[in-house]
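This report concerns only the one structure given below.
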Amino acid sequence: AERGAVVVTVLAAAMPLAPLVAALVGFLLRGRRAAAVLAVAGTSVALLAAVVVALRFEDPISDAYRAADFVFLTVEFGVRVNGPATLMALAVGVVALAVQVYSVTYLRDDDRYPPYAAQVSLFAAAMMTVVVATDLVQMLIGWEVMGVCSYLLIGHDRRLPEAPRAAVKAFLVTRIGDVGFLLGVAVLGVNAGTFRIDDVLAHDYTNGQLTAACLLLLAGVAGKSAQFPLHTWLPDAMAGPTPISALIHAATMVAAGVYVVFRLYPLFQAAPAALAVLGVMAAVTILLGALSATAQDDLKRVLAWSTVSQIGYLTGALAVGSPAAALFHLLTHAAFKALLFLAAGSVIH
């Protein structure tokens with residue numbers, strides 16, 4: 001049993017590390033073929049590791065090492081694997097691999113394909129880090145790296161005048177939310193005396209501390225998951241390449257906020273005011289996204305507003321106390337929305 005736990009831990013660590021290594025090496029490459037092989041290989045290893053972990057998974061496993069000490073606070077890096085994490089890792093791996101394979105042909109005439117492929121690998125590594133993180137600071141690092149990668153990928157096509165504007169808008173709007181997210185992490189960690197997620201969930205906070213922390217976290221969730229009032233960046237992000245639309249809008253960036261609330265759900269359950277705010281955000285977002293989609297004449301923008309609305313259903317399920325339903329629809333949405341965007345790219349061509 002102990003040997004099996006070690007194998008699962010190593011494989012779980014490979015999920016973010018394989019695409020990370022592919023990204024770091026990929027930034028040094030200039031050959032298109034080598035960049036494509038490396039990008040697909042790195043994502044394939046991550047997906048294969050996720051599949052094996054899912055097949056071998058029995059009991060939750062957590063392993064970490066001390067990365068840094070700040071006065072009375074310790075930051076740890078490691079992996080924590082449970083049922084929801086393995087499902088999320090599978091979804092991220094499948095979508096990221098599909099995007100990498102699709103991009104090889106979709107961007108066949110693009111001179112900047114090698115850095116693009118490396119950025120997609122780095123994006124996948126960051127999302128996998130959020131999925132398996134044992135520590136809030138480790139989760140925050142993956143969270144912020146995703147934001148930087150989204151900026152680079154949305155603005156990839158420099159021939160489109162709207163692409164740089166959309167990239168800057170996405171970066172600034174999500175950064176506004178991330179200020180709240182950073183403060184929420186600080187409130188939780190400082191009061192618990194640790195950033196380790198299991199210890200944070202077990203700590204006994206006062207009602208005021210918990211409500212404040214959860215509301216601050218929701219600011220980051222609203223930005224990353226394009227929820228009202230920080231939703232406007234998502235439709236404009238359609239200026240990026242179609243595979244990036246599939247990557248951002250399916251199982252990765254917009255799902256990250258939902259997954260973080262899912263991971264920290266015991267805290268939100270103990271802060272009913274935060275869940276009430278989340279419910280109002282979800283209700284407005286569902287209606288706003290659906291109505292806005294009916295007024296679009298661009299195929300990708302219709303799908304983008306659909307994503308805004310569907311993520312609202314996920315946060316709504318969390319708000320009414322059904323995290324299992326939210327996770328289930330997160331996986332179904334990852335499947336159908338990734339396919340819709342990739343199909344839209346073929347239709348547009």
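Heavy atoms only: backbone and side chains are in, while hydrogens, waters and symmetry mates are out.
- The main-chain N or O of Ala39 is found under 3.5 Å from a side-chain atom of Thr43 such that the two form a donor-acceptor pair.
- In this structure, OH in Tyr259 is found 10.0 Å from CG in Leu330, a value given to the nearest 0.5 Å.
- The backbone N or O of Gly78 lies less than 3.5 Å from a partner atom in the side chain of Gln138, making a donor-acceptor pair.
- Distance check: Leu201 CG to Leu267 CG gives 5.0 Å after rounding to the nearest 0.5 Å.
- Note on Asp63 versus Arg80: no salt bridge recorded, every NZ/NE/NH1/NH2 to OD/OE distance being 4.0 Å or above.
- Proximity of a side-chain donor or acceptor of His203 to a complementary backbone N or O of Asn191 within less than 3.5 Å is detected.
- For the atom pair CE of Met88 and CG of Asn82, the computed distance is 12.5 Å after rounding to the nearest 0.5 Å.
- The shortest side-chain heavy-atom distance between Asp135 and Val75 falls under the 4.5 Å cut-off.
- Note that NZ of Lys300 and OG1 of Thr242 are 3.5 Å apart. Values are rounded to the nearest 0.5 Å.
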Stepwise side-chain contact (heavy atoms from CB on, under 4.5 Å) test for Gln119 and Tyr151: CA-CA 10 Å; Gln119 289 160 15; Tyr151 167 77; over 6 Å; no

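- Residues meeting the side chain to side chain donor-acceptor pair (under 3.5 Å) test with Gln100, sequence neighbours left out: Ser121.
- Placement of Val168 and Leu152 within a single hydrophobic cluster is found when ILVMFWY residues are connected by side-chain heavy-atom separations under 4.5 Å, directly or transitively.
- The two residues Ser225 and Val258 have their closest heavy-atom pair at OG-N, 3.6 Å.
- Val45 has its side chain out of reach of Met15: every pair of non-hydrogen atoms, C-beta onward, lies at least 4.5 Å apart.
- In this structure the side chain of Val145 reaches within 4.5 angstrom of the side chain of Leu122, judged on heavy atoms.
- Contact detail for Ala334 and Ala91: the closest heavy-atom pair is CB-CB, 4.5 Å.
- No side-chain donor-acceptor contact under 3.5 Å links Ser292 to the backbone of Gly289.
- Closest non-hydrogen pair, Leu342 versus Pro243, comes out as CD2-CA, 4.3 Å.
- Note that CD of Glu144 and OG1 of Thr174 are 8.0 Å apart. Values are rounded to the nearest 0.5 Å.
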Asp157/Arg112 under salt bridge (Lys or Arg N to Asp or Glu O under 4.0 Å): CA gap, chis, key distance, verdict: CA-CA 9 Å; Asp157 193 347; Arg112 297 179 58 246; over 6 Å; no

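- A distance-only check finds a donor-acceptor pair linking the side chain of Thr86 to the backbone of Gly83 [under 3.5 Å].
- Residues passing the side chain to side chain donor-acceptor pair (under 3.5 Å) test with Thr307, sequence neighbours excluded: Lys337.
- Of all the heavy atoms in Cys214 and Ala271, the pair that sits closest is SG-CB, 4.1 Å.
- How far CZ of Phe123 is from CD1 of Ile248: 5.0 Å, rounded to the nearest 0.5 Å.
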Working for side-chain contact (heavy atoms from CB on, under 4.5 Å), residues Val92 and Met128: CA-CA 7 Å; Val92 173; Met128 287 292 194; 4.1 Å; yes

Worked verdict on Val280 versus Phe228 for side-chain contact (heavy atoms from CB on, under 4.5 Å): CA-CA 9 Å; Val280 172; Phe228 178 84; over 6 Å; no

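- The shortest distance between side-chain heavy atoms of Val130 and Met146 falls below 4.5 Å.
- By the side chain to side chain donor-acceptor pair (under 3.5 Å) test, Asn207 pairs with no residue at all, sequence neighbours left out.
- Side-chain contact between Ile311 and Gln227 is present, with at least one heavy-atom pair separated by less than 4.5 Å.
- Nearest approach of Leu215 to Ala274, heavy atoms of both residues: CD2-CA, 3.9 Å.
- When atom types are taken as modelled, the side chain of Tyr205 and the backbone of Leu188 share a donor-acceptor pair closer than 3.5 angstrom.
- Residues Leu230 and Val173 approach most closely at O-CG1, 3.8 Å, considering heavy atoms.
- In Phe328, the CZ atom is not crowded: 12 or fewer heavy atoms of neighbouring residues, nucleotides or ligands sit closer than 6.0 Å.
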side-chain contact (heavy atoms from CB on, under 4.5 Å) between Thr194 and Glu76, worked out: CA-CA 9 Å; Thr194 177; Glu76 296 181 339; over 6 Å; no

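- Counting heavy atoms from C-beta outward, Leu234 and Val254 have side chains that approach closer than 4.5 Å.
- Between the Lys224 side chain and the Ala256 main chain, no donor and acceptor come within less than 3.5 Å of each other.
- Around OH of Tyr116, the count of heavy atoms belonging to other residues, nucleotides or ligands within 6.0 Å exceeds 12.
- Checked by atom type and distance alone, the side chain of Trp143 never pairs as donor or acceptor with a backbone atom of Gly257 at under 3.5 Å.
- The main-chain N or O of Ala317 is never found under 3.5 Å from a side-chain atom of Ser322 such that the two would form a donor-acceptor pair.
- At least one donor-acceptor pair closer than 3.5 Å links the side chain of Arg108 to the backbone N or O of Thr105.
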